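These notes concern the structure reproduced below.
Keep in mind the model is a prediction, meaning the values are calculated, not measured. Because only heavy atoms are used, hydrogens play no part in the values below, and waters and symmetry mates are left out as well, while side chains stay in. Chain A is the first sequence line, chain B the second, and so forth, proteins listed ahead of strands; every chain is numbered from 1.
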Amino acid sequence: MFKNQYIQQRIAKAKNIQDLGHNPYSNDSTRDTTISQFHYVNSDVETLDEKRDEKRVSTVAGRIKFFRLMGKASFIKLEDESGILQIYVTRDNLPEGFYNNIFKKNVEVGDIIEVKGYPFVTNKGELTLHVSDLNILTKSISPLPEKFHGITDKEMRYRQRYLDLIMNSDVKKTFHTRSKVISLTRRFFEDKGFLEVETPMMHPIAGGANAKPFVTHHNALGIDRYLRIAPELYLKRLIVGGFEAVFEINRNFRNEGMDATHNPEFTSIEFYWAYKTYKDLIEVTKEYFNYLFEHLNLPKILPYGDMEVNYGNFTEVRLIDSLHTIGDVPKEICEDKDKIIVFLKSRHIDVNEKMNLGQLQGELFDEFVEEKLIDPTFITHYPVEISPLARRSDAEPHLTERFELFIAGREIANAFSELNDPLDQLERFEGQMSAKDNGDDEAHEMDADFVNALSYGMAPTAGQGIGMDRLVMLLTNQHTIRDVLLFPAMKPQQSELEEDKA
RNA sequence: GUCCUGUUAGCUCAGCUGGUAGAGCACCUCACUUUUAAUGAGGUGGCCGAUGGUUCGAAUCCAUCACAGGACACCA
């Protein structure tokens with residue numbers, strides 16, 4: 001490590017700084033303002049007669065992004081989290097020898113320095129700090145990427161996110177938005193009286209979703225555990241226990257492929273609300289989106305790639321209706337298993353003939369409807385066969401009281417009135433087990449303790465999950481999940497594998 | 001998992017049908033006290049992703065592998 005010639009050069013400079021009596025990793029910062037604050041407080045300097053105010057002395061700190069050395073004076077662009085500021089450094093305003101021997105020879109782009117001085121406006125009209133004192137805080141020994149093009153290599157941006165953040169300030173904005181979305185979500189539900197809880201990430205049975213789990217091992221107990229694929233079954237146990245409104249914002253882990261919309265670990269919110277139904281959740285979801293848009297100061301119509309999504313236009317459609325009204329699937333085939341199979345085959349879509357009617361309707365939806373749902377659309381009344389945890393509709397027992405919310409052609413939320421009949425739940429687990437025997441390796445496992453919990457009685461409850469990563473993607477117009485995750489999952493590189501062996 | 005396209009200096013990229021490796025920025029030396037991707041002069045810097053093969057000769061052609069990006073398949 002650090003064999004590169006440029007790094008060696010910079011290590012030598014750090015040593016020079018040390019030898020000349022200054023700590024290249026000094027800890028005694030006396031910063032008294034941020035760069036944006038400096039701009040704000042001194043915005044009037046250009047109106048002053050002298051275009052300067054030598055009495056307003058302040059100290060700012062930051063990383064050097066540009067370095068323009070012109071003999072006995074230099075202009076530097078200094079960046080902190082709040083913004084960027086030009087500073088003007090001259091030989092005659094610094095202690096004897098400092099400019100020529102320490103500053104000019106050993107300070108460069110990438111270093112973090114602190115400067116004290118007064119504000120003035122240059123001939124070109126830029127507010128600048130006139131430096132009377134300069135302190136090197138951190139010597140950077142690796143050179144930064146090129147100042148104009150920055151880094152564009154996606155692999156480097158994801159693997160070395162710190163470099164991406166240094167070079168591409170827009171990236172910071174995305175993560176600021178992400179942080180606000182999480183924080184606003186928490187506040188929205190707390191204000192409604194929900195209790196935030198933390199349930200296990202390591203499960204003896206991976207339940208609550210159709211997905212393949214990661215397996216880990218507990219040495220002391222000598223048993224395998226699954227990283228959770230969903231918190232659902234634990235949150236509902238809490239409703240049984242008497243909490244009436246709970247939510248959890250945290251990671252789920254699914255052992256599946258990675259692409260633009262899938263990362264092995266992803267963040268969701270799940271919330272459960274006793275004495276409510278899926279219809280209440282439709283209302284609360286609209287309210288939640290309004291709340292986010294208001295507090296993020298976003299317009300109701302947002303671009304997403306080529307699309308324009310109108311967040312003022314939420315609609316509801318029953319799944320079976322959406323097949324022909326939106327998907328243009330002939331109405332007469334939608335209730336007939338064999339006709340659907342023939343139809344799917346005629347469109348050259350692989351179809352598993354063991355599928356039941358509800359599963360086939362789900363296939364039709366995925367193929368012909370989903371991508372057409374641009375404005376927010378609640379698809380309701382899912383077939384019971386593809387909703388193993390949802391409550392049946394009293395009026396139409398083959399359907400469930402469930403919806404999924406689609407935006408920009410993608411599922412963003414899944415919600416239903418929860419199944420609370422313990423015997424029905426037991427039967428559905430048994431149905432899932434036979435699906436597993438038929439080769440569906442993502443079917444639910446039997447969770448006897450969960451059924452047992454329901455046997456004590458769970459109040460009628462509505463529950464919902466929202467994919468936070470995908471929500472942030474929509475709000476920030478990002479088209480890969482890797483751009484809303486600070487450290488997306490990446491395959492190890494060759495050198496990392498070799499280090500692992502050693 | 002399949003297909004397509006990439007991988008050349010610290011970074012951004014050239015490099016044509018095989019003939020000793022190029023530019024800009026950065027870095028080093030020099031000049032320059034109001035610059036804006038500062039400027040001018042000179043210079044250093046490469047296991048051309050990895051391993052094999054074809055060839056007198058490979059960054060270039062072929063094969064395998066690794067990683068990345070995109071598309072498809074599966075999923076949220």
Quiz: residues 58-72 of chain A side-chain donor-acceptor pairs under 3.5 angstrom, not counting sequence neighbours:
| from | atom 1 | to | atom 2 | distance (Å) |
| --- | --- | --- | --- | --- |
| R63(A) | NH1 | G110(A) | O | 2.9 |
| K65(A) | NZ | E79(A) | OE1 | 2.8 |
| K65(A) | NZ | I166(A) | O | 2.9 |

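Residue T152(A) has a polar side-chain atom (N or O) positioned under 4.0 Å from OP1 or OP2 of C13(B).
Residues satisfying the ring pair (Phe, Tyr, Trp, His ring centres under 6.0 Å) criterion with Y158(A), sequence neighbours excluded, are absent altogether. Under the salt bridge (charged side-chain N to carboxylate O under 4.0 Å, His left out) criterion, E248(A) pairs with R228(A), not counting sequence neighbours. By the salt bridge (charged side-chain N to carboxylate O under 4.0 Å, His left out) test, R254(A) pairs with no residue at all, sequence neighbours left out. With sequence neighbours excluded, no residue satisfies salt bridge (charged side-chain N to carboxylate O under 4.0 Å, His left out) with D49(A). Listed by chain and number, the residues in a ring pair (Phe, Tyr, Trp, His ring centres under 6.0 Å) with Y272(A) amount to none (sequence neighbours excluded). Looking at residues two or more places apart in sequence or on another chain, you find no ring pair (Phe, Tyr, Trp, His ring centres under 6.0 Å) involving Y382(A).
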Each nucleotide N or O in nucleotides 28-30 of chain B that has a protein N or O under 3.5 Å away: list the pair and distance.
| from | atom 1 | to | atom 2 | distance (Å) |
| --- | --- | --- | --- | --- |
| C28(B) | OP1 | K13(A) | NZ | 2.3 |

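The stretch residues 54-69 of chain A touches RNA chain B through F66(A), R68(A), L69(A), each having a heavy atom within less than 4.0 Å of the strand. Interface residues of residues 117-136 of chain A facing RNA chain B, ordered by number: F120(A), T122(A), N123(A), K124(A), E126(A); criterion, heavy-atom separation under 4.0 Å.
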Under the 3.5 Å Watson-Crick or G-U criterion, the dot-bracket string of RNA chain B, with | for inter-strand pairs
(((((((..((((.....[..)))).(((((.......))))).....(((((..]....))))))))))))....

Return a single string for nucleotides 68-73 of chain B, one symbol per nucleotide in 5' to 3' order, where B is base contact, S is sugar-phosphate-only contact and - is none, cutoff 4.0 angstrom on heavy atoms.
SSS--B

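With RNA chain B read from its 5' end, the first of the two nearest nucleotides for H149(A) and K77(A) is the one closest to H149(A).
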